[in-house]
J.: 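There's a structure below that I have some questions on.
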2 protein chains.
Amino acid sequence: MSCENAVRRLSEYRRILCKLKALGFTKVFSDHLAGAIDVSPALVRKDFADFGLTGNRKSGYSVGELIDKLNRILLKEHTEEVIMVGCGGIGRALMNYNGFAGEGIRITAGFDSNPDLQNCDAAIPVLDISRLEVYINSHRIRTAIMTVPETYAGTMADRLAAAGIRAILNFSPITLKNLPGCFIRNVNFLYELENVIYFSAQDTPE
Amino acid sequence: MSCENAVRRLSEYRRILCKLKALGFTKVFSDHLAGAIDVSPALVRKDFADFGLTGNRKSGYSVGELIDKLNRILLKEHTEEVIMVGCGGIGRALMNYNGFAGEGIRITAGFDSNPDLQNCDAAIPVLDISRLEVYINSHRIRTAIMTVPETYAGTMADRLAAAGIRAILNFSPITLKNLPGCFIRNVNFLYELENVIYFSAQDTPE
DNA sequence: AGCAAATGAATATAAAAATATCGATAAAAA
DNA sequence: TTTTTATCGATATTTTTATATTCATTTGCT
Ligand SMILES: NC(=O)c1ccc[n+]([C@@H]2O[C@H](COP(=O)([O-])OP(=O)(O)OC[C@H]3O[C@@H](n4cnc5c(N)ncnc54)[C@H](O)[C@@H]3O)[C@@H](O)[C@H]2O)c1
Ligand SMILES: NC(=O)c1ccc[n+]([C@@H]2O[C@H](COP(=O)([O-])OP(=O)(O)OC[C@H]3O[C@@H](n4cnc5c(N)ncnc54)[C@H](O)[C@@H]3O)[C@@H](O)[C@H]2O)c1
């Protein structure tokens, strides 16, 4: 999948734009956005062109219009329902985080094999993993966050894909490849840390 | 900083190599490593060449030697001491994680402004934020993980850099730019989720 | 209305990243 | 020893990504 970086920039643009809107701005120029996320104005325009976001010569882009269109592209017109698979340390931190709600993302349920963690009455219910497929199907869930131990990550991804999940955000330290019909993005804290530690020893990280 | 991706791949190579070593392998070929992390053999060889890792024509690379050299490059010859700034939901999940110890990374202390979270006697002591500078200095800490609220992220990064921190892994949702002498890597869960959600709606994510 | 200034849109260029090619060479086989 | 074969190492090519440039249009001013 090639345009991951471009989509990431869309998220960044959107974030800046929302702040501008809150400040009362109605127009914005490629130049300004470029400065805010540290790329060239040309890239901003190209990103926008690639995703069908248009502006007006001389008067720039409309903040409100951009946000609306970005919301459509990033599936933010309706709340996106996501499930959490594995409700240990990281899983719970994410479930307790209240920053997603305002961004049109809701974690609607968690799943875990450990009965001690299961709780149907919690704000976000944690269900037994055996109920995974039925839940995905009945709630038409397309996206999952996966925070199970490494050992189970591979088979769990297969299981999620088979159950109809179309995309997985994987936090386990094994790098999973996309499955047919299911996009997988891996987040590996160890690699992030190693990266940061590497650069801590480089000259003039600038 | 351009070679972030290459350094990330070094982490990935290292991970695979350690597994191979555990299985008893002593030799490995660019072809095999390439398949494992889904790149071309040519890239593996180029990465290795760029970082001074050499092999032998016909007989490939020595697993043990590669690991040793990667350990040197990734600063894994001695345990790297890291601090956690902000010990809320995410901070504690990371502090409780036991997967870093085996990888030569140790979170030696946490810092928080909330007295309720402070605890000098915990396995990883959580100290008042006012003790940050002295600690960094006396323990010669170079790397910090930052999990404070967005509002404080910018000034805290400045403060860390001023205190001598050379690299920061920032989890707050504001994208920080590198400071003079201090590399910053941003991890933004919201962007990751938005990315994954975007691709969940694309055709044949493959 | 006419003109100048500014900016998006389209295109061209450059830079970076990844891949392919191919000769050299070490190891194994004949 | 000679031949064969497999793989690295270096270089060239391709592909992708980002930046510059050019052009046309809109806006606001006189
Ligand atoms: N916590 C961190 O800071 C951190 C850092 C780096 C990587 N990780 C990775 O993230 C993942 C989760 O980490 P964690 O600290 O939350 O671990 P954890 O052990 O606290 O949580 C894992 C959870 O998955 C559940 N689980 C196990 N098998 C399951 C299955 N088959 N079906 C459903 N649930 C199952 C467990 O019951 C547990 O609650 C791990 O792969 C870990 O390596 C975590
Ligand atoms: N938890 C998540 O899943 C998640 C997801 C996305 C982004 N984030 C971001 O990560 C950061 C941390 O998230 P969290 O859920 O752990 O939040 P949190 O509120 O639980 O933790 C933040 C901690 O920082 C401490 N703090 C505040 N100001 C401080 C200061 N000046 N000095 C030292 N400590 C200070 C607070 O006392 C608190 O303990 C936030 O920026 C959040 O937006 C978290």
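Chain A is the first sequence line, chain B the second, and so forth, proteins listed ahead of strands; every chain is numbered from 1.
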J.: It should be established whether A:Ser30 places a side-chain nitrogen or oxygen under 4.0 Å from OP1 or OP2 of nucleotide C:dG8.
T.: yes

J.: For A:Lys58 and D:dG28, give me the distance from atom NZ to atom P, rounded to whole Å.
T.: 8 Å

J.: Check the distance between D:dT17's C1' and A:Arg8's CZ and give it to me in whole angstrom.
T.: 15 Å

J.: Mind calculating the distance between CG (B:Leu66) and P (D:dC8) to the nearest angstrom?
T.: 10 Å

J.: Round to a whole Å and report the spacing from NE2 of B:His32 to C1' of D:dA6.
T.: 11 Å

J.: Over how many whole Å does the gap from B:Asn5 atom CG to D:dT15 atom P extend?
T.: 20 Å

J.: Quick check on DNA chain C: between B:Lys46 and A:Ala49, whose nearest nucleotide comes earlier from the 5' end?
T.: A:Ala49

J.: Roughly how far, to the nearest 0.5 Å, is the CD atom of B:Glu81 from the CD1 atom of B:Ile141?
T.: 5.0 Å

J.: Under 6.0 Å between ring centres: does that hold for A:Tyr61 and A:Phe29?
T.: no

J.: Round to the nearest Å and state the distance from A:Phe29 atom CZ to C:dA6 atom P.
T.: 11 Å

J.: Between A:Asp47 and A:Ser59, which residue's closest nucleotide on DNA chain D lies nearer the 5′ terminus?
T.: A:Asp47

J.: Between atom NZ in B:Lys27 and atom P in D:dT7, what is the gap in whole Å?
T.: 13 Å

J.: Less than 6.0 angstrom separating the ring centers of B:Phe100 and B:Tyr97, yes or no?
T.: yes

J.: Between D:dG9, C:dT19, D:dT27, which nucleotide has the shortest distance from any of its atoms to the side chain of B:Arg45?
T.: D:dG9

J.: Within less than 4.0 Å of OP1 or OP2 of D:dT26, is there a side-chain N or O belonging to A:Tyr61?
T.: no

J.: Does the side chain of B:Leu132 come within less than 4.5 Å of B:Ile83's, by heavy atoms?
T.: yes

J.: Nearest to the side chain of B:Arg9, heavy atoms from C-beta on, is which of C:dA18, D:dT7, C:dA27?
T.: C:dA18

J.: Give the nucleotide from the list D:dT7, D:dA20, D:dA18 with an atom nearest to the side chain of B:Arg57.
T.: D:dT7

J.: For B:Asp31 and D:dG9, what is the distance between atoms CG and P respectively, to the nearest whole Å?
T.: 15 Å

J.: Tell me the partner of D:dT27, counting only Watson-Crick (N1-N3 plus N6-O4 or O6-N4) or G-U wobble (N1-O2 and O6-N3) with both under 3.5 Å; none if nothing fits.
T.: C:dA4

J.: Which of these passes salt bridge (Lys or Arg N to Asp or Glu O under 4.0 Å) with A:Glu194: B:Arg15, B:Lys76, B:Arg9?
T.: B:Lys76

